[in-house]
Amino acid sequence: MAVPEKPSLDGLEAKWDEWWEAAGTYRFDRTKTREEIFAIDTPPPTASGNLHMGHVCSYTHTDLVARFRRMRGKTLFYPMGWDDNGLPTERRVQNYFGVWCDPSLPHDPNFDVDALDRPDDRPVPVPRPNFIDLCERLTAEDEKAFEHLFRMLGLSVDWTQTYTTIDAHSRRASQRAFLRLLDRGLAYQEEAPTMWDVDFQTAVAQAEIEDKEVDGAYHRIRFDLADGSGSLEIETSRPELIPACVALVVNPSDGRFAPMVGRVAVTPLFGAEVPVVAHELADPERGTGVAMICTFGDLTDVTWWRELRLPARVVVQRDGTIAPSRWGEPGWESRDVQAARAAHSELAGRPAKRARRGIAELLAESGHLLGEPQRVRHVVKYYERGERPLEVVSSRQWFVKTIELRDRLLERGRELRWHPEHMGARYASWVEGLNGDWCISRQRFFGVPFPVWYPVGQDGSPDRGRPILPAETRLPVDPSTDVPEGYTAGQRGLPGGFVGDPDIMDTWATSSLTPQIASGWEEDPDLFARVFPMDLRPQSHDIIRTWLFYTVLKAELEHGRLPWTDAAISGWILDPDRKKMSKSKGNVVTPIEFLEQHGADAVRYWAASARLGIDVAFKEEQIRIGRRLAIKILNASRFVLSFEAPEGEVSDPLDRSLLAALAGVVEQATAAFEDYEHARALDVIERFFWGFTDDYLELVKGRAYGSHGPEAAGSAIAALRLALSVLLRLFAPFLPYVTEEVWSWWRQGSIHRSAWPTPDELAEASAGGDPIVHQVAAWVLGEVRKAKALAKRSLRTEVERVVVHDTEERLKVLRGVERDVREAGTVAELVHAQAEEPSVEVVLGSQDG
RNA sequence: GGGCGCGUAGCUCAGCGGGAGAGCGCUCGCCUCACACGCGAGAGGUCGCAGGUUCAAAACCUGCCGCGCCCACCA
């Protein structure tokens with residue numbers, strides 16, 4: 001036993017992190033069976049980003065669960081991942097090395113980025129495999145910094161189980177999953193209108209789209225009927241799409257326009273004849289009740305176009321500009337081709353927004369624009385990282401079937417245990433609102449390529465209908481540099497040869513496999529059987545529709561089951577003004593500073609006091625409170641352990657009372673942890689602990705020092721030590737450093753591998769103990785202290801006499817603890833008086849300075 | 001428009017059918033042999049509003065107001 005004279009929190013992080021690493025305290029034990037293992041699907045943080053207090057908070061939440069389960073006897077499968085696959089890394093590598101990824105270049109085995117030929121300042125094109133190497137190299141540095149922070153924070157991760165989302169293993173898993181879906185007809189490619197970002201020039205999925213409210217204007221426009229018998233009016237915020245108009249639509253039940261259905265209107269300026277059609281989705285309440293159908297203004301247009309079998313006249317190009325005029329060609333017939341060309345030439349080449357102003361002028365001149373455009377604020381779809389509104393563009397993309405699985409996915413959502421429970425509603429509303437299959441192809445460069453080649457026909461064009469696929473054993477492949485079976489490299493791109501699919505997968509196509517990637521799916525069947533499906537997915541609520549949803553989807557498609565049983569959803573950390581913390585607002589504080597300044601336990605205390613699922617405002621004050629608690633544990637422990645372990649056992653009613661109350665705390669804390677209510681567990685434990693130090697310790701101090709003989713002292717000391725052992729273990733998940741430090745003063749091994757306390761281990765020592773005893777004693781002591789404080793006297797002041805008025809029953813209880821109360825309150829005489837209403841009279845002694 | 005969550009002391013929040021609570025902050029006092037990085041005490045609230053259920057409502061029901069988020073709409 002070595003209790004330091006002046007215990008301190010300083011340096012505990014470095015000391016114990018090293019010790020735990022050396023001792024393998026958190027190492028996974030793969031000899032255990034599935035039932036003995038608790039497996040966590042740790043969120044891989046984005047490399048090339050920054051870790052902020054939100055990460056600290058949510059990763060701590062997960063660690064609390066891990067440590068609790070470990071002490072409950074489970075072996076933890078608690079890996080870490082780094083998400084280095086995606087746009088952030090791509091951009092960072094481009095800027096850092098001054099390169100860009102060109103998948104058309106062949107892999108260069110002797111590539112050396114420092115020896116690149118740089119004739120000017122322009123970025124240098126780099127083959128994809130080499131670009132991926134650069135990504136791995138650069139992100140390795142981030143990952144080191146992240147690991148340092150997480151270690152310092154005390155995450156009980158098994159660092160030997162680390163993976164990254166761009167490494168060969170992850171690419172293999174992503175490609176294997178894709179090939180299997182393809183084989184089963186669950187993945188397919190199709191030329192179809194999809195949401196398209198005109199700046200990044202890639203297709204995007206519904207999950208990556210966000211709404212933004214922007215300025216716009218409604219233009220009221222007149223369409224004349226072809227036979228000259230009248231006209232219809234529509235309202236649109238996108239008049240530049242008039243050349244793409246292929247029909248006008250009204251609701252079939254709308255009596256106002258019933259006679260119009262089936263007739264033909266003429267588009268203003270362009271003179272194209274378009275039918276007036278009817279469809280349920282046309283809303284009689286909106287605008288004029290007549291809408292123009294364009295190819296394509298939004299997804300409703302796509303639905304109309306598809307269901308009503310309308311022709312396509314596409315005018316918006318992939319870069320967001322208006323295409324050149326094609327009036328007069330087949331499908332672009334006009335009553336006045338010259339006029340159509342003239343009008344179109346005013347728009348061609350312009351970005352949509354500028355074309356809009358141009359056409360508004362033309363419409364005003366021609367008299368088709370009715371009144372002034374009406375300025376409005378309206379909602380437009382944006383790519384989450386994009387700067388311009390999304391367009392709907394027709395292109396060939398890979399899709400994964402989701403719509404036909406909707407009911408099963410909803411069922412899985414109900415099967416999953418959500419913490420907090422109401423987060424399940426977000427999943428359900430997302431799944432219910434899905435409007436199409438998952439578009440998984442991206443026209444980007446850095447990411448997992450599709451493991452697909454196409455034969456090139458004699459005309460030199462690839463036959464996308466007959467993909468050439470690699471055997472699973474060849475994965476991962478990069479079709480831009482690898483050659484399919486039966487071909488030679490020289491045949492790439494030539495008639496009779498082959499060509500690789502140029503696209504890469506949505507980053508979520510890989511992230512959605514984290515349970516499989518971490519578990520060694522198809523590569524380590526033994527490990528897989530022991531940890532999959534996992535127990536817990538921890539994550540924040542903003543990525544329920546992406547990470548959580550796609551992971552459920554992939555597991556359903558591949559395994560027909562949930563990838564985990566429980567999902568723990570963390571909230572966000574807001575700055576003290578309750579605004580979301582973000583880099584752009586410049587209110588992000590670096591976690592490492594807080595860890596250095598206050599200590600990991602203090603920071604963890606702050607994180608642990610936030611419940612799952614709720615957004616919390618960041619208060620540095622809360623961290624200081626955590627530090628205070630850690631220091632208090634240090635000092636209280638030093639005091640308790642300053643007494644030699646006694647011979648005797650717990651016999652005093654006060655001591656038994658305390659331990660009985662503690663047994664109740666153990667029960668409550670355990671139940672709270674089981675319910676993923678770590679904040680409630682901490683609250684219960686902490687509340688007891690402060691009562692323990694403020695009241696119990698003061699009450700038994702004298703007795704422990706031997707004021708009433710060795711037997712009485714022995715009872716107190718035995719109770720103190722037992723309580724300390726239990727309390728340290730209760731605190732261990734929250735404050736791993738200080739509890740380990742104290743544990744090392746008097747126990748063998750790591751506290752984090754010791755057993756979580758149970759009421760059973762307190763049963764004998766607390767037998768017959770009644771919590772009321774401790775309460776009565778603390779009450780009388782409190783009244784005595786109050787009298788001293790009100791008299792502005794020192795707590796050491798002698799009290800001449802205390803008269804306690806109370807019921808016979810409680811006075812009887814008091815008798816049993818009287819000596820402790822008198823000693824703690826320095827009371828000379830204690831008198832009992834029976835009464836219905838409890839009260840305490842305190843007579844202080846003469847002034848004693 | 002639909003859904004979810006939240007409105008309790010100056011601040012952050014717990015309580016969710018029978019005493020209105022904690023911590024911080026504030027005020028006053030205390031070097032008491034574990035701790036002055038501490039200890040003790042005090043002040044401070046028509047529990048968003050209005051109805052209803054109940055012997056009893058901060059808690060349950062209904063409606064309203066306010067805040068946040070998710071989904072949908074984007075003619």
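Proteins get letters first, then strands, A, B, ... in listed order; numbering begins at 1 in each.
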(message) Using a strict threshold of under 4.0 Å (side-chain N to carboxylate O), is an ion pair present between A:E432 and A:R406?
(response)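 Here A:R406 does not pair with A:E432 in a salt bridge, since their nearest N and O are not under 4.0 Å apart.
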
(message) Between A:D695 and A:R785, does any side-chain N to carboxylate O distance fall below 4.0 Å?
(response)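 Salt bridge: yes.
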
When the [atom1] atoms of [N] and [M] are considered, how many whole Å apart are they?
{"N": "B:G44", "M": "B:U8", "atom1": "C1'", "result": "14 Å"}
{"N": "B:G17", "M": "B:U53", "atom1": "C1'", "result": "12 Å"}
{"N": "B:C28", "M": "B:A20", "atom1": "P", "result": "30 Å"}

(message) So for A:D211 and B:C73, does any side-chain atom that can act as donor or acceptor lie under 3.5 Å from a complementary atom in the base?
(response)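 It does, because a donor-acceptor pair links the side chain of A:D211 to the base of B:C73 below 3.5 Å.
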
With both distances under 3.5 angstrom, what nucleotide forms a Watson-Crick or G-U wobble pair with [N]?
{"N": "B:U54", "answer": "none"}
{"N": "B:G17", "answer": "none"}
{"N": "B:G38", "answer": "B:C30"}
{"N": "B:A43", "answer": "none"}
{"N": "B:A22", "answer": "B:U12"}
{"N": "B:G66", "answer": "B:C6"}

Roughly how many Å is it from [atom1] in [X] to [atom2] in [N], rounded to a whole number?
{"X": "A:L724", "N": "B:C35", "atom1": "CG", "atom2": "P", "result": "16 Å"}
{"X": "A:L682", "N": "B:A22", "atom1": "CG", "atom2": "C1'", "result": "12 Å"}
{"X": "A:R687", "N": "B:A22", "atom1": "CZ", "atom2": "P", "result": "8 Å"}
{"X": "A:H419", "N": "B:C4", "atom1": "NE2", "atom2": "C1'", "result": "18 Å"}
{"X": "A:Q206", "N": "B:A72", "atom1": "CD", "atom2": "C1'", "result": "10 Å"}
{"X": "A:L697", "N": "B:U32", "atom1": "CG", "atom2": "P", "result": "17 Å"}
{"X": "A:N635", "N": "B:C35", "atom1": "CG", "atom2": "C1'", "result": "4 Å"}

Look for any protein N or O under 3.5 Å of an N or O in nucleotides 38-44 of chain B and output each such pair with its distance, or none.
{"unit_1": "B:G38", "atom_1": "O3'", "unit_2": "A:K632", "atom_2": "NZ", "d": "3.3"}
{"unit_1": "B:C39", "atom_1": "OP1", "unit_2": "A:K632", "atom_2": "NZ", "d": "2.5"}
{"unit_1": "B:G40", "atom_1": "OP1", "unit_2": "A:D694", "atom_2": "OD1", "d": "3.4"}
{"unit_1": "B:G40", "atom_1": "OP1", "unit_2": "A:D694", "atom_2": "OD2", "d": "3.4"}
{"unit_1": "B:G42", "atom_1": "OP1", "unit_2": "A:K786", "atom_2": "NZ", "d": "3.2"}

(message) Judged by each residue's nearest nucleotide on RNA chain B, which is more toward the 5′ side, A:R627 or A:Q622?
(response)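 On the 5' side of the pair lies A:Q622.
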
(request) For B:A75, take OP1 and OP2 only and decide whether either is under 4.0 Å from a side-chain N or O of A:R286. (result)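 For B:A75, OP1/OP2 do not have a side-chain N/O of A:R286 under 4.0 Å.
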
(message) I want to check one thing: is the phosphate of B:A75, taken as OP1 and OP2, less than 4.0 Å away from some side-chain N or O of A:S237?
(response)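 Yes.
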
Does one side chain, of [X] or [Y], offer a donor that lies under 3.5 Å from an acceptor on the other?
{"X": "A:D655", "Y": "A:Y696", "answer": "yes"}
{"X": "A:K788", "Y": "A:T826", "answer": "yes"}
{"X": "A:H541", "Y": "A:D615", "answer": "yes"}
{"X": "A:W745", "Y": "A:E741", "answer": "yes"}

(message) How would you summarise protein contacts on nucleotides 6-11 of chain B per nucleotide, using B for base, S for sugar-phosphate only and - for none, with heavy-atom distances below 4.0 Å?
(response) -----S

(request) Pick out which of A:H598, A:R628, A:R627, A:E686 makes a side-chain hydrogen bond (donor to acceptor under 3.5 Å, both in side chains) with A:Y605. (result)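 Testing each of A:H598, A:R628, A:R627, A:E686 against A:Y605, the sole residue satisfying side-chain hydrogen bond (donor to acceptor under 3.5 Å, both in side chains) is A:E686.
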
(message) Just to be sure I understand the rule, does A:K788 reach a base, reach only the sugar-phosphate, or reach nothing, if contact means heavy atoms closer than 4.0 Å?
(response)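 A:K788: no heavy atom of the nucleic acid under 4.0 Å.
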
